[in-house]
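This is a predicted model, so every value here is computed, not measured.
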Amino acid sequence: MVNMKLVLLGPPGSGKGTQAKLIVKDFNIPQISTGDLLRAAIKKSTELGLKAKKFMNTGKLVPDDIVLQLLKERLNQDDCIRGFILDGYPRNLSQAQDLKMITNIDFVINIEVNYGLLIERITGRRTCKQCGAIYHIKYSPSKKEGICDKCSGRLFQREDDVEETVKKRIATYEHETKPLIEFYQQQGILERLTSDGTIDEMYQKFSSLLRMKFQLQE
Ligand code: AP5
């Protein structure tokens, strides 16, 4: 059994969550989305979640110590023993240093995307309240409007997916997260993929890249 510790980098709306969910199915490693961990903490109204909410709704990064605490708890769970896909972590250089102290990353995929597509992708996104499946009203609609194909849960629009906040999130990405491309490139573990196709076409690229990198059979 191969061990795969992956990081997906890319701006908001680049398709990190969508591709991570497909990788989970084929490669049998869990997706760890710090955004999802934070939203779960907000839903439970934990002290940490309440602190995080105001940062998320204004498009800013949640303080590093809060996210690190959630991440460490998650990585200690048994399903991470053979690896994981980090979706949304690290998001700045200090988080990348924190991560280095906890574990070694094997491979980083940076998703490059034409910025013109991001706002349309994010504002059209709908997420299942129950199972977290991701849809898009134009590019990946559910069969029945507002209802999840997989579990019949209700679809909702994330609070931070309104255009004004999305623009702030993209600006935060530019200032804080983009320098990580160089950080991982210098370590020789970064590969770039351009998101210029459909979700399925993109997944073919992801899957081939991972199979090649980890020397797995098709
Ligand atoms: P988070 O939840 O991580 O959001 P994000 O990084 O902004 O990324 P998104 O989830 O918006 O986009 P995605 O790349 O996953 O795209 P998706 O696959 O859904 O973070 C939210 C907030 O939490 C942050 O702003 C911050 O405040 C906080 N936070 C999280 N992590 C943190 C950290 N480490 N440190 C500090 N703060 C943190 O796709 C988008 C849409 O496009 C979908 O509708 C999908 O169907 C569609 N789509 C995808 N691919 C394609 C394609 N190829 N063609 C057409 N449509 C497509």
Side-chain angles (χ1 to χ4, degrees), residues 7-21 31-71 85-99 108-129 132-140 155-184 190 192-196 199 202:
V7 165
L8 295 189
L9 281 183
S14 54
K16 301 182 296 294
T18 302
Q19 294 301 327
K21 285 184 168 51
Q31 169 197 16
I32 300 178
S33 154
T34 43
D36 287 348
L37 294 177
L38 289 163
R39 281 183 287 277
I42 292 174
K43 204 168 161 190
K44 284 193 223 149
S45 298
T46 63
E47 198 187 326
L48 205 140
L50 295 175
K51 274 191 205 158
K53 190 173 180 175
K54 59 179 188 296
F55 293 95
M56 293 173 80
N57 285 348
T58 48
K60 292 186 186 137
L61 292 186
V62 173
D64 294 344
D65 56 332
I66 295 184
V67 190
L68 184 62
Q69 192 182 326
L70 284 173
L71 180 77
I85 312 158
L86 287 181
D87 157 13
Y89 194 96
R91 261 185 146 96
N92 58 29
L93 285 166
S94 122
Q95 290 186 5
Q97 300 291 2
D98 287 341
L99 183 61
V108 180
I109 302 180
N110 183 53
I111 310 178
E112 318 217 313
V113 65
N114 177 334
Y115 272 30
L117 294 174
L118 296 179
I119 299 223
E120 188 199 13
R121 278 197 189 175
I122 299 185
T123 52
R125 169 171 50 198
R126 298 293 180 269
T127 308
C128 176
K129 237 185 177 109
I134 302 170
Y135 296 87
H136 190 279
I137 50 172
K138 179 171 161 193
Y139 299 116
S140 170
L155 305 186
F156 76 105
Q157 185 170 25
R158 270 170 43 182
E159 266 183 62
D160 60 343
D161 277 356
V162 291
E163 189 165 338
E164 195 195 329
T165 314
V166 174
K167 285 183 177 156
K168 289 187 188 145
R169 283 162 58 198
I170 293 173
T172 302
Y173 165 82
E174 277 289 316
H175 289 122
E176 306 204 35
T177 311
K178 219 172 166 184
L180 291 178
I181 300 174
E182 170 113 26
F183 176 84
Y184 284 118
L190 180 128
R192 295 160 186 261
L193 276 186
T194 306
S195 180
D196 53 3
I199 293 170
M202 286 310 300

Enquirer: Working to the nearest 0.5 Å, report the span between OH of Y139 and CD1 of I134.
Expert: 16.0 Å

Enquirer: Kindly give the heavy-atom pair with the smallest separation between G132 and K21, and that separation in Å.
Expert: O-CE, 3.2 Å

Enquirer: Between L71 and L99, is there a side-chain heavy-atom distance shorter than 4.5 Å?
Expert: yes

Enquirer: Report the C-alpha distance between Q157 and R126 in whole Å, list the side-chain angles of each, state the deciding distance to 0.1 Å, and finish with yes or no for side-chain contact (heavy atoms from CB on, under 4.5 Å).
Expert: CA-CA 5 Å; Q157 185 170 25; R126 298 293 180 269; 3.6 Å; yes

Enquirer: Can you measure from CG (D87) to CD (Q19) and round to the nearest 0.5 angstrom?
Expert: 11.0 Å

Enquirer: Taking the side chain as every heavy atom from C-beta outward, state whether V162 and T123 have any atom pair closer than 4.5 Å.
Expert: no

Enquirer: Give, for atom CD of E163 and atom OG1 of T165, the distance between the pair rounded to the nearest 0.5 Å.
Expert: 10.0 Å

Enquirer: Which atoms form the tightest heavy-atom contact between S14 and S195, and what is the distance?
Expert: O-OG, 3.8 Å

Enquirer: How many angstroms lie between atom CG of L9 and atom CD1 of I109, to the nearest 0.5 angstrom?
Expert: 10.0 Å

Enquirer: Which heavy atom in Y184 sits nearest to a heavy atom in P90, and how many Å separate them?
Expert: OH-CG, 3.3 Å

Enquirer: Looking at side-chain heavy atoms only, is the closest gap between K16 and S33 below 4.5 Å?
Expert: no

Enquirer: Ignoring hydrogens, what is the shortest heavy-atom contact between P179 and L93? Give both atom names and the distance.
Expert: CB-CD1, 4.3 Å

Enquirer: I want to check something: taking the side chain as every heavy atom from C-beta on, are I111 and L193 in contact at a cut-off of under 4.5 Å?
Expert: no

Enquirer: If you take all heavy atoms of G10 and Y173, which pair is closest and at what distance?
Expert: C-CE1, 3.6 Å

Enquirer: Using a strict threshold of under 4.0 Å (side-chain N to carboxylate O), is an ion pair present between K60 and D160?
Expert: no

Enquirer: Do other residues, nucleotides or ligands put more than 12 heavy atoms under 6.0 Å from K44 NZ?
Expert: no

Enquirer: If you count heavy atoms of other groups shown closer than 6.0 angstrom to CD of E112, is the number above 12?
Expert: yes

Enquirer: State, with a plain yes or no, whether a side-chain heavy atom of V113 is found less than 4.5 Å away from one of P11.
Expert: yes

Enquirer: With heavy-atom distances below 4.5 Å as the criterion, would you say the side chains of D196 and M202 are in contact?
Expert: yes

Enquirer: Kindly determine whether F156 and T127 satisfy side-chain contact (heavy atoms from CB on, under 4.5 Å), including the steps that lead there.
Expert: CA-CA 5 Å; F156 76 105; T127 308; 3.8 Å; yes

Enquirer: How far does CG of L70 sit from CG of D36, to the nearest 0.5 angstrom?
Expert: 11.5 Å

Enquirer: Could you check whether any side-chain heavy atom of R169 comes within less than 4.5 Å of a side-chain heavy atom of D161, counting everything from C-beta outward?
Expert: yes

Enquirer: Rounded at 0.5 Å granularity, tell me how far CG in L37 sits from CD1 in I66.
Expert: 13.0 Å

Enquirer: For residues N92 and Q95, report the shortest heavy-atom separation together with the two atoms involved.
Expert: OD1-N, 2.7 Å

Enquirer: The test is side-chain contact (heavy atoms from CB on, under 4.5 Å); show your working for I181 and L190 and say whether it passes.
Expert: CA-CA 7 Å; I181 300 174; L190 180 128; 4.1 Å; yes

Enquirer: Under 4.5 Å between any side-chain heavy atoms of R91 and V67, yes or no?
Expert: no

Enquirer: Of R158, E159, K168, which meets side chain to side chain donor-acceptor pair (under 3.5 Å) against N57?
Expert: E159

